[in-house]
Number of protein chains: 2
Amino acid sequence: MSPTPQERRAARHQTGAGSDTPAVRRGPSGGRKKPITVDAIVSTAFAIVESEGYEALTMRRLAVALETGPSSLYAHVVNKEDLDELLIGRLSAEIDLPTPDPARWREQLIGVCTQLRDQYLRYPGISQAAFAAAPSNLDTLRVSEGLLAIVLAGGVEPQVAAWAVDSLTLYVNAHSLEVSVANSRLKRNDDDWVVGRDEMLRRFAALPETFPQTKRYASELTAGTTADRFHFTINLMINGLPGAHQEGQTPPS
Amino acid sequence: MSPTPQERRAARHQTGAGSDTPAVRRGPSGGRKKPITVDAIVSTAFAIVESEGYEALTMRRLAVALETGPSSLYAHVVNKEDLDELLIGRLSAEIDLPTPDPARWREQLIGVCTQLRDQYLRYPGISQAAFAAAPSNLDTLRVSEGLLAIVLAGGVEPQVAAWAVDSLTLYVNAHSLEVSVANSRLKRNDDDWVVGRDEMLRRFAALPETFPQTKRYASELTAGTTADRFHFTINLMINGLPGAHQEGQTPPS
DNA sequence: AGTAGATACGAACACCGTTCTACTCCGGTA
DNA sequence: TACCGGAGTAGAACGGTGTTCGTATCTACT
């Protein structure tokens, strides 16, 4: 009874929906107002990541926020890796997936990807955890299922659709991670990190003649916000999909 | 004279080609056969990453391999972060860039991306360092220049070309990182990590009815090697580029 | 010959994830 | 009612990390 953290983790994977014990309150609740639960741990972790970034999320920092010791966490969580999985699990659980509409499948796809990006950027650096997280998690699998359904609704061949979903999610992760580290770089300004676009243009202009294209198209290289680049790439991948309803054409009805 | 590591790093960025001091041999070479140089540090680091993975590359492990103490490294390298930058710098320096051929620009692009992936996978997990590395490094900038030249040779509009190069390199990094962590996962098998394709198929089949598409197309979802998926995505992005010579058509000559 | 400067390195600091062990308190049972 | 097993809570500690400080050593120039 009262499953160990290891058993909880196993239940979160594909081994069927684990029979949830009612979790009767046991043990000491001495000077403690609120007992430590997995949910409380995850919520506090999210608060830390949101305000201080993912790299500030340590077991000790988390324990302090919960007014306890680091070892107390291990009664509810297997690992830090396990905690990471819980985080991206809850994050994916809050993505809402539209019912696939064959006429609007491309924008639906963009919508879900944008949701994912927004969540990742809201909790800076958390996409690093998403890279390590197992795809066997039920919550992340739910998002994959939703994406796959949308692409299939677009009439894309199943094999292409399956791989495209993986490509898209991987790119969303990568983009979010890159933006997150760039943002955290310019916060701690001690590093010689190029900040503004004009500064970047000046550096490109000062480049030796070995970089002709970079010098020539410095303006294009530094143009656009991160959001612009995000939508550009997502569109690049989606438009490449040979769906039944191509190139924004409406179906023959 | 004898630039500090900070100055060396600054020279590696875009502040022109730093005047290289002849680096006359100074200091003690007591019981030491070979002096510690930046080059020796980087080479040893590569050897460690190649054989034990990026996560095994610690300052202490590196110091042991060089038969010295950890603090000795900081005379040549600013940071671990700086060491990472040196690593991906040398890695990019070994990419050979073809002279752009407008007739073969797509395969040239694939070739360079494949080279990058091979290097990243040869040193497992090093793509993590590539994410954090500043794009202002001269060696990485050389690769970007080469890629941009190829895409431009394909007749792609400059703005599209500039962004596409970024998208491509970001995806190559992400793919390599994902493959690396997956490989390192199945080495330390203590985790309940799904290994084989058949095991994955069985898990997908055991999924609840909430995952209809995933169950239906489990075969497609688990099909293909990582290399297959890599080339699929690269082609997806490249074929989406509206170049002058579209869809494998030969130019009108 | 002597000194200045560059190099090397041991010791230590603060922090990390994790484990071991003891302790406290509750619920069910005799 | 008394008790006792077990679940939840912590404190202390272990091995590991990146990094800094102070000091010792050796070379090259004055």
Side-chain angles (χ1 to χ4, degrees), chain A residues 1-8 21-41 45 48 52-85 129 132 188 190-191, chain B residues 1-8 21-38 40-41 45 48 52-85 128-129 132 188 190-191:
Chain A
M1 300 301 171
S2 230
T4 69
Q6 285 82 357
E7 292 168 341
R8 293 187 209 258
T21 326
V24 284
R25 187 72 198 97
R26 289 282 209 107
S29 60
R32 170 165 297 283
K33 32 204 167 186
K34 288 217 147 191
I36 304 177
T37 64
V38 178
D39 230 56
I41 289 177
I48 292 176
E52 309 174 31
Y54 176 72
E55 62 185 2
L57 179 66
T58 69
M59 296 303 251
R60 286 181 150 82
R61 175 77 188 78
L62 187 54
V64 168
L66 287 165
E67 296 177 334
T68 178
S71 59
S72 301
L73 304 174
Y74 287 86
H76 307 272
V77 158
V78 181
N79 256 346
K80 172 125 205 300
E81 190 180 334
D82 185 37
L83 174 63
D84 290 343
E85 190 185 302
R188 35 185 270 279
D190 39 9
D191 204 5
Chain B
M1 300 301 170
S2 229
T4 69
Q6 285 83 358
E7 292 168 341
R8 292 188 209 257
T21 325
V24 285
R25 186 72 198 96
R26 290 282 206 103
S29 60
R32 171 166 298 284
K33 32 206 167 185
K34 289 219 147 191
I36 304 178
T37 64
V38 177
I41 289 178
I48 292 176
E52 309 174 31
Y54 176 73
E55 62 185 1
L57 178 67
T58 69
M59 297 303 249
R60 286 180 152 84
R61 175 78 188 79
L62 186 54
V64 168
L66 287 165
E67 295 176 335
T68 179
S71 60
S72 302
L73 304 174
Y74 287 85
H76 308 272
V77 158
V78 181
N79 257 346
K80 172 125 205 301
E81 190 180 334
D82 186 35
L83 174 64
D84 291 342
E85 191 185 301
Q128 195 171 0
R188 37 186 268 279
D190 39 8
D191 206 4

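Because the structure is predicted, anything quoted here is derived from the model rather than measured.
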Rounding to a whole Å, what distance do you find between [X]:[atom1] and [N]:[atom2]?
| X | N | atom1 | atom2 | result |
| --- | --- | --- | --- | --- |
| A:Met59 | C:dC15 | CE | P | 18 Å |
| B:Leu73 | D:dT20 | CG | P | 13 Å |
| A:Asp82 | C:dT19 | CG | P | 12 Å |
| B:Ile36 | D:dT25 | CD1 | C1' | 14 Å |
| B:Tyr74 | D:dT17 | OH | P | 11 Å |
| A:Lys80 | C:dT19 | NZ | C1' | 18 Å |
| B:Glu55 | C:dC16 | CD | C1' | 15 Å |
| B:Leu57 | D:dG16 | CG | C1' | 15 Å |

Q.
Let's test your reading of the model: under 3.5 Å, does the base of D:dG16 pair with the side chain of B:Arg60 as donor and acceptor?
A.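 Checked by distance alone, the answer is no.
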Q: Confirm from the modelled atom types if A:Ser71 and D:dG11 form a donor-acceptor pair under 3.5 Å, side chain to base only.
A: yes
Q) Hey, does the side chain of B:Asn79 come within less than 4.0 Å of D:dT19's phosphate (OP1/OP2), counting only N and O? A)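 Indeed, a polar side-chain atom of B:Asn79 lies that close.
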Q.
Once you apply a heavy-atom cut-off of 4.0 Å, does B:Ala75 come out as touching a base, just sugar-phosphate, or nothing?
A. nothing
(Q) Counting the atoms with a prime plus P, OP1 and OP2 as sugar-phosphate, which does A:Thr58 contact under 4.0 Å by heavy atoms, base, sugar-phosphate, or nothing? (A)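 Here A:Thr58 touches the backbone only, sparing every base.
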Q.
Can you give me the closest heavy-atom contact between B:Pro70 and B:Arg60, atom names plus distance?
A.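 So the two residues come closest at CG-CG, 3.8 Å.
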Q.
Within the supplied structure, the quantity of interest is the number of heavy atoms (other residues, nucleotides, ligands) at a distance under 6.0 Å from B:Glu52 CD; does it exceed 12?
A. yes
(Q) Both A:Ser72 and B:Thr37 contact DNA chain C. Taking the nearest nucleotide for each, which residue is further toward the 5' end? (A)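 Result: B:Thr37.
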Q) Roughly how far, to the nearest 0.5 Å, is the CG atom of B:Leu57 from the CD atom of B:Glu55? A)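 If we round to the nearest 0.5 Å, B:Glu55:CD and B:Leu57:CG are 11.0 Å apart.
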Q) For DNA chain D, whose closest nucleotide is more 5', that of A:Gly69 or that of B:Arg61? A)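 It is A:Gly69, whose closest nucleotide lies nearer the 5' terminus.
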Q) Are B:Leu73 and B:Leu66 side-chain neighbours, meaning at least one heavy-atom pair lies under 4.5 Å? A)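 B:Leu73 vs B:Leu66: side chains touch.
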Q) Is it true that a side-chain atom of A:His76 and a backbone atom of A:Ile41 form a donor plus acceptor pair closer than 3.5 Å? A)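 Absent.
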